[in-house]
Amino acid sequence: MHNVVFVLGPPGSGKGTICAKIQENLGYVHLSAGDLLRAERQREGSEFGALIEQHIRNGSIVPVEITCALLENAMNNSGDAKGFLVDGFPRNEDNLQGWNKQMTGKALIQFVLFLSCPVPICIQRCLNRGQGRTDDNEESLKKRVETYNHQTFPIIEHFEKNGLVREVKSERSVEEIYADVVEVFNQTAKV
Ligand SMILES: Nc1ncnc2c1ncn2[C@@H]1O[C@H](COP(=O)(O)OP(=O)(O)OP(=O)(O)O)[C@@H](O)[C@H]1O
Ligand SMILES: Nc1ccn([C@@H]2O[C@H](COP(=O)(O)O)[C@@H](O)[C@H]2O)c(=O)n1
Ligand SMILES: [Mg+2]
């Protein structure tokens, strides 16, 4: 049974940055759904490359069958991990239903780490990111934010109703955010 922490928040809220620090210090393995999709997009012979690129540029969500398979393979190939930080998933109802269908009995959701951050700050962070992403531009970001507001935030609200959400305000410095994140993990370990 894989222990899983979903990491959600608007684009540019710092999910990847904070997950990297958690992986470095707390023994969890970081799996970014976006990174896995970008790798699949580039994979020689992938039948999904063009579809993935279209969704990424459009800020829309790839069918869960593709994303969830990539996540499950990555977890199964990660050896005996303490747990997995599933970054940027589930991002919509299709993701959530697909996860429940494919991963029930295989994964236990410990909690949802929600990095909340004002959208204008998020947008500037993405525009300044400098990683050459095809979706770090005004047009794609507008769509990504719309996807987050209309499709992803309702998923956070769903988990909130089940008492699983741990919100950390993420407009602050990485150090301040990470200090609060460590406390969240410490509290979970005590339960
Ligand atoms: N607390 C912070 N303060 C200032 N800059 C930050 C902070 N956290 C992350 N950044 C920077 O903002 C950019 C986006 O961070 P990151 O890639 O971690 O966000 P993300 O939530 O994973 O975004 P996406 O959903 O687009 O993948 C990066 O350039 C990162 O260095
Ligand atoms: N569950 C997901 C996660 C991501 N995507 C696509 O990847 C893009 C980038 O995601 P980041 O987390 O790296 O920002 C995202 O905008 C989607 O197009 C997805 O389809 N499903
Ligand atoms: Mg990211």
Side-chain angles (χ1 to χ4, degrees), residues 4-24 30-42 48-72 74-75 84-100 102-103 112-156 167-181:
V4 165
V5 174
F6 288 139
V7 183
L8 295 173
S13 53
K15 299 184 294 297
T17 300
I18 295 301
C19 283
K21 290 179 72 71
I22 297 168
Q23 176 172 266
E24 193 180 324
H30 176 206
L31 299 177
S32 162
D35 288 348
L36 290 170
L37 288 166
R38 281 182 284 270
E40 178 62 20
R41 175 185 64 184
Q42 308 299 116
F48 304 119
L51 176 71
I52 291 171
E53 177 55 16
Q54 181 188 358
H55 280 288
I56 288 177
R57 280 186 184 275
N58 194 41
S60 51
I61 305 303
V62 172
V64 66
E65 292 76 14
I66 298 171
T67 314
C68 209
L70 293 172
L71 284 167
E72 185 173 11
M75 284 188 277
F84 295 93
L85 304 165
V86 178
D87 165 4
F89 186 100
R91 261 204 164 99
N92 65 1
E93 187 64 25
D94 177 57
N95 273 194
L96 181 63
Q97 296 308 324
W99 174 273
N100 290 339
Q102 185 167 330
M103 298 305 291
V112 177
L113 180 62
F114 170 34
L115 300 183
S116 56
C117 186
V119 165
I121 293 176
C122 291
I123 289 173
Q124 281 313 309
R125 287 179 182 176
C126 288
L127 291 175
N128 297 330
R129 181 160 27 199
Q131 291 175 6
R133 285 178 42 160
T134 57
D135 59 349
D136 276 346
N137 58 73
E138 299 270 2
E139 187 182 357
S140 296
L141 279 163
K142 187 169 182 298
K143 295 172 185 173
R144 290 165 65 193
V145 168
E146 192 171 321
T147 296
Y148 170 77
N149 287 333
H150 294 104
Q151 297 185 47
T152 306
F153 193 70
I155 300 301
I156 296 170
E167 181 179 359
V168 176
K169 295 206 174 299
S170 297
E171 62 269 37
R172 300 172 293 164
S173 71
V174 173
E175 292 70 28
E176 288 172 304
I177 298 163
Y178 184 65
D180 284 356
V181 167

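Both ligands and their constituent atoms are indexed starting at 1 by order of listing.
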Undergrad: If you compare all heavy atoms of Arg38 against all heavy atoms of Ile56, which two are closest, and at what distance to 0.1 Å?
TA: CG-CD1, 3.9 Å
Undergrad: Tell me the protein heavy atom at minimum distance from atom 26 (O) of ligand 1, and give that distance in Å.
TA: Arg144 NH2, 2.5 Å
Undergrad: For Glu176 and Ser173, indicate whether the former's side chain and the latter's backbone hold a donor-acceptor pair under 3.5 Å.
TA: yes
Undergrad: Counting heavy atoms not belonging to Glu139, are there more than 12 under 6.0 Å from its CD?
TA: no
Undergrad: Give a yes or no answer on whether the side chain of Ser140 reaches the backbone of Asn137 with a donor-acceptor pair at less than 3.5 Å.
TA: no
Undergrad: Starting from atom 20 (P) of ligand 1, which protein heavy atom do you reach first, and at what distance in Å?
TA: Lys15 N, 3.5 Å
Undergrad: Starting from atom 5 (N) of ligand 1, which protein heavy atom do you reach first, and at what distance in Å?
TA: Arg125 NE, 3.7 Å
Undergrad: Within the 4.0 Å heavy-atom shell around Arg91, which atoms of ligand 1 are there?
TA: 25 (O)
Undergrad: Looking at Arg41 and Ala50, would you say the former's side chain and the latter's main chain have a donor-acceptor pair under 3.5 Å?
TA: no
Undergrad: Mark up the atoms of ligand 1 that fall under 4.0 Å of a heavy atom belonging to Gly16, in ascending order.
TA: 18 (O), 20 (P), 22 (O)
Undergrad: Is there a donor-acceptor contact under 3.5 Å from the side chain of Asn58 to the main chain of Ser60?
TA: no
Undergrad: Heavy atom under 4.0 Å from ligand 1: found in Glu171's side chain, backbone, both, or neither?
TA: neither
Undergrad: Answer yes or no: is there a donor N or O on one side and an acceptor on the other, between the side chain of Thr147 and the main chain of Lys143, under 3.5 Å?
TA: yes
Undergrad: Going through the distances and angles, do Glu93 and Gln151 end up as a side chain to side chain donor-acceptor pair (under 3.5 Å)?
TA: CA-CA 7 Å; Glu93 187 64 25; Gln151 297 185 47; over 6 Å; no
Undergrad: Taking 4.0 angstrom as the limit and counting only heavy atoms of Val174, give me the atoms of ligand 1 inside it, by number and element.
TA: 1 (N), 2 (C), 7 (C), 8 (N)
Undergrad: Do Ser170 side-chain atoms and Val168 backbone N/O form a donor-acceptor pair below 3.5 Å?
TA: yes
Undergrad: Return yes if some donor-acceptor pair links the side-chain N/O of Arg57 with the main-chain N/O of Asp135 below 3.5 Å, else return no.
TA: no
Undergrad: Suppose we measure from atom 17 (O) of ligand 1 to each protein heavy atom; which comes out shortest, and what is that distance?
TA: Arg129 NH1, 2.8 Å
Undergrad: Just which atoms of ligand 1 are under 4.0 Å from any heavy atom in Thr17?
TA: 9 (C), 15 (O), 16 (P), 18 (O), 30 (C)
Undergrad: Please identify which atoms of ligand 1 are closer than 4.0 Å to at least one heavy atom of Ser173.
TA: 1 (N)
Undergrad: Are Val181 and Ile22 close enough that some pair of their side-chain heavy atoms sits under 4.5 Å apart?
TA: yes
Undergrad: Can you tell me which portion of Ile177 lies within the under-4.0 Å heavy-atom range of ligand 1? Options are side chain, backbone, both, or neither.
TA: side chain
Undergrad: Could you find the nearest protein heavy atom to atom 1 (N) of ligand 1 and give me its residue, atom name and distance?
TA: Arg172 O, 2.9 Å
Undergrad: List the closest protein heavy-atom neighbour of atom 23 (O) of ligand 1: residue, atom name, distance to the nearest 0.1 Å.
TA: Gly12 N, 3.0 Å
Undergrad: Can you tell me the protein heavy atom closest to atom 19 (O) of ligand 1 and the distance?
TA: Gly14 N, 3.3 Å
Undergrad: Just jot down the ligand 1 atoms closer than 4.0 angstrom to any heavy atom of Arg133, in number order.
TA: 24 (P), 26 (O), 27 (O)
Undergrad: Considering only heavy atoms, which protein residues lie less than 4.0 Å from any atom of ligand 2?
TA: Ala33, Gly34, Leu37, Arg38, His55, Ile56, Ser60, Ile61, Val62, Gly88, Phe89, Arg91, Asn95, Arg133, Asp135, Arg144
